[in-house]
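These values consider heavy atoms only, across backbone and side chains, with no hydrogens, waters or symmetry-generated copies. Keep in mind it's a predicted model, so treat the numbers as computed, not measured. First the proteins, then the strands, lettered A, B, ... as listed; each starts at 1.
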There are 2 protein chains.
Amino acid sequence: MTGTSGTTTGTAPAGRGRRERLRAETTAEIKDTALGLMASGGPDAITLRAIAREMGMTANAIYGYFATRDDLVTTLIDDVYSALADAVEAAWAHAPAEGPATRILAWARAFRTWALANPEGFRLVYGDPVPGYRAPEEGPAPDAARRVCTGLAGLAAAAWPYAEPLYRDSAFGWDDFDAGLLDKVRPAFPDLPPAGVALALRLWGHLHGLVALEVYGHLGRQTTSPDKLFQEELNRLVTTLGVPKTSG
Amino acid sequence: MTGTSGTTTGTAPAGRGRRERLRAETTAEIKDTALGLMASGGPDAITLRAIAREMGMTANAIYGYFATRDDLVTTLIDDVYSALADAVEAAWAHAPAEGPATRILAWARAFRTWALANPEGFRLVYGDPVPGYRAPEEGPAPDAARRVCTGLAGLAAAAWPYAEPLYRDSAFGWDDFDAGLLDKVRPAFPDLPPAGVALALRLWGHLHGLVALEVYGHLGRQTTSPDKLFQEELNRLVTTLGVPKTSG
DNA sequence: CCGTGCACTTCACGGCGTATAGTTTTCTCA
DNA sequence: TGAGAAAACTATACGCCGTGAAGTGCACGG
């Protein structure tokens, strides 16, 4: 809050710092307003005109901060995806280190909990964000995606001592994976072989499927207990991996 | 093609039958045009004006056939979802009956193959179809969803003789599931207990996750071999269920 | 104190869904 | 066969949307 001004001395906010600060504040307000609109009306409610209306501006004023609406959406995805990555990393870090099972369960539950608490954010990150939007190849969002994948690799690495015998016949090699992902994963988990990275992606698919079906309302039309389903499947998953259970 | 006229005699296409036939043809042309637009430009390309342009009409003419754009989209979803259900049911039916594993693999591969061949259709059915669209509670699409779930229940039923011991501690009861789903599943698979239906939904999540990540381009950014990943995970899944393998 | 640059507004264009009213074609029936 | 009803379709209009071009006013740097 008390800005890192940079050039000028202290109390008097003169100089170039002020303009930059105002600019940053407005940028943040635009993003906050957009996130608010998304929370109340879904990703489709993110329109430049609606944001401007809410802020008492003209829509075109936003073009001073974002070159286009897709740019704004990209920034939002970056933020939201990073928040998701933060959430699951925090859950992993704070889970009692009783054993792999506890941390794996904590990570997976955090993933689902975040998704159910931020369904619009989940759609923004993993679905069709907004009409006509196409995701860029690089930037913070792919970085966040790799953070999530790295977290998954952590799950795989934790389970690997137990699960390794089950994946002996895996035909995966390092060249089956994106270099940017391996740059993060291999230093973090040097003992994890390619088959272990593949396991991470399998876990991703496994968890993503149940959560996505639930967030998009498909699961809720078939069962009244998605909680139970997720919990049981999680226990089953841990068992399947050969990881010894610790507690529920 | 040679219409079922109804009232009038034969060659002369007079009477009410002709109008109805023309109406049905125009309706079909609208849907075909919409599907074509979706295939080329994604679900967002489905606009009444674009359809009308393509057909040499005014946009408002479509209102004679569909009350609103969402109605049209709903109809498209119905068709596409039914096509998906047809595809997986056909794969199941035509798979060599060597054993459960073969049929399970056939079903799962058909699901993924269809999704990759019709990515826009997959998005239409399982994602945010179009801005602001909200799915109706009943109609052909939910029916198709239940058909797919019933197919999944078939997988579960086929695996159940082997997998049953693994799910002894399942806490599911009949009241955990939608009545409409059970109306289809229980007559088809009388021996499948609630835990087996739950297994069907777990399988759904499992497969959906990998396929959805791939269709939406998230998986392809991490691995260059999604095929291999899906295939290995499928084998792993069958093994995990305790189903004896037959062939690749 | 003047000039420059930035934040912002105004106006405009084309595209969207859709409501209302009017027009043309087609079928029905006395 | 001809009048009337009904259906199919067009025309016009409204309020949304993203976005481009041009204009305005104020804060800043020299």
To the nearest angstrom, how far is [X] atom [atom1] from [N] atom [atom2]?
X: B/E29; N: D/dA8; atom1: CD; atom2: P; answer: 14 Å
X: B/D44; N: C/dG17; atom1: CG; atom2: P; answer: 11 Å
X: B/F66; N: C/dA19; atom1: CZ; atom2: P; answer: 16 Å
X: A/I46; N: D/dT19; atom1: CD1; atom2: P; answer: 14 Å
X: A/R21; N: D/dC28; atom1: CZ; atom2: C1'; answer: 15 Å
X: B/L48; N: C/dG14; atom1: CG; atom2: C1'; answer: 17 Å
X: B/L72; N: C/dT18; atom1: CG; atom2: P; answer: 10 Å
X: A/R69; N: D/dG20; atom1: CZ; atom2: P; answer: 13 Å

Quiz item: Is the shortest side-chain N/O distance from B/T47 to OP1 or OP2 of C/dG15 below 4.0 Å?
Solution: no

Practice problem: Would you indicate, yes or no, if D/dT19 has its OP1 or OP2 atom less than 4.0 angstrom from a side-chain nitrogen or oxygen of A/Y63? | Solution: yes

Self-check item: Closest contact, heavy atoms only, B/M57 versus B/A61
Solution: CE-CB, 3.0 Å

Quiz prompt | Contact nearer the 5' end of DNA chain D, comparing A/R53 with A/A67 | solution = A/R53

Quiz item: Quick check: does any side chain N or O of B/D71 sit under 3.5 Å from a backbone N or O of B/F66, one acting as donor and the other as acceptor?
Solution: no

Quiz item: Can you check side-chain contact (heavy atoms from CB on, under 4.5 Å) on B/I77 and B/V80, steps first, answer last?
Solution: CA-CA 5 Å; B/I77 292 178; B/V80 172; 5.8 Å; no

Quiz prompt | Pair listing, salt bridge (charged side-chain N to carboxylate O under 4.0 Å, His left out) test, anchored in residues 51-60 of chain A, at least two apart | solution = none

Donor-acceptor pairs are to be reported for all side-chain atoms of residues 200-217 of chain A against protein atoms at under 3.5 Å, with residues two or more places apart or in another chain.
| unit_1 | atom_1 | unit_2 | atom_2 | d |
| --- | --- | --- | --- | --- |
| A/R202 | NH1 | B/E233 | OE1 | 3.2 |
| A/R202 | NH2 | B/E232 | OE1 | 2.5 |
| A/H206 | ND1 | B/H206 | ND1 | 3.3 |
| A/H206 | ND1 | B/H206 | NE2 | 3.4 |
| A/H206 | NE2 | A/E233 | OE2 | 2.6 |
| A/H206 | NE2 | B/H206 | ND1 | 3.4 |
| A/E214 | OE1 | A/R112 | NE | 2.9 |
| A/E214 | OE1 | A/R112 | NH2 | 3.4 |
| A/E214 | OE2 | A/R112 | NH2 | 2.9 |

Quiz item: Is it true that B/F230 and B/F111 have ring centroids separated by less than 6.0 Å?
Solution: no

Practice problem: Spell out protein contact along nucleotides 4-13 of chain C as letters: B when the base is contacted, S when just the sugar-phosphate is, - when no protein heavy atom is under 4.0 Å; keep the 5' to 3' order. | Solution: --SSSBBBB-

Self-check item: B/R109 NZ/CZ over B/W114 ring centroid, <6.0 Å and within 45° of normal
Solution: no

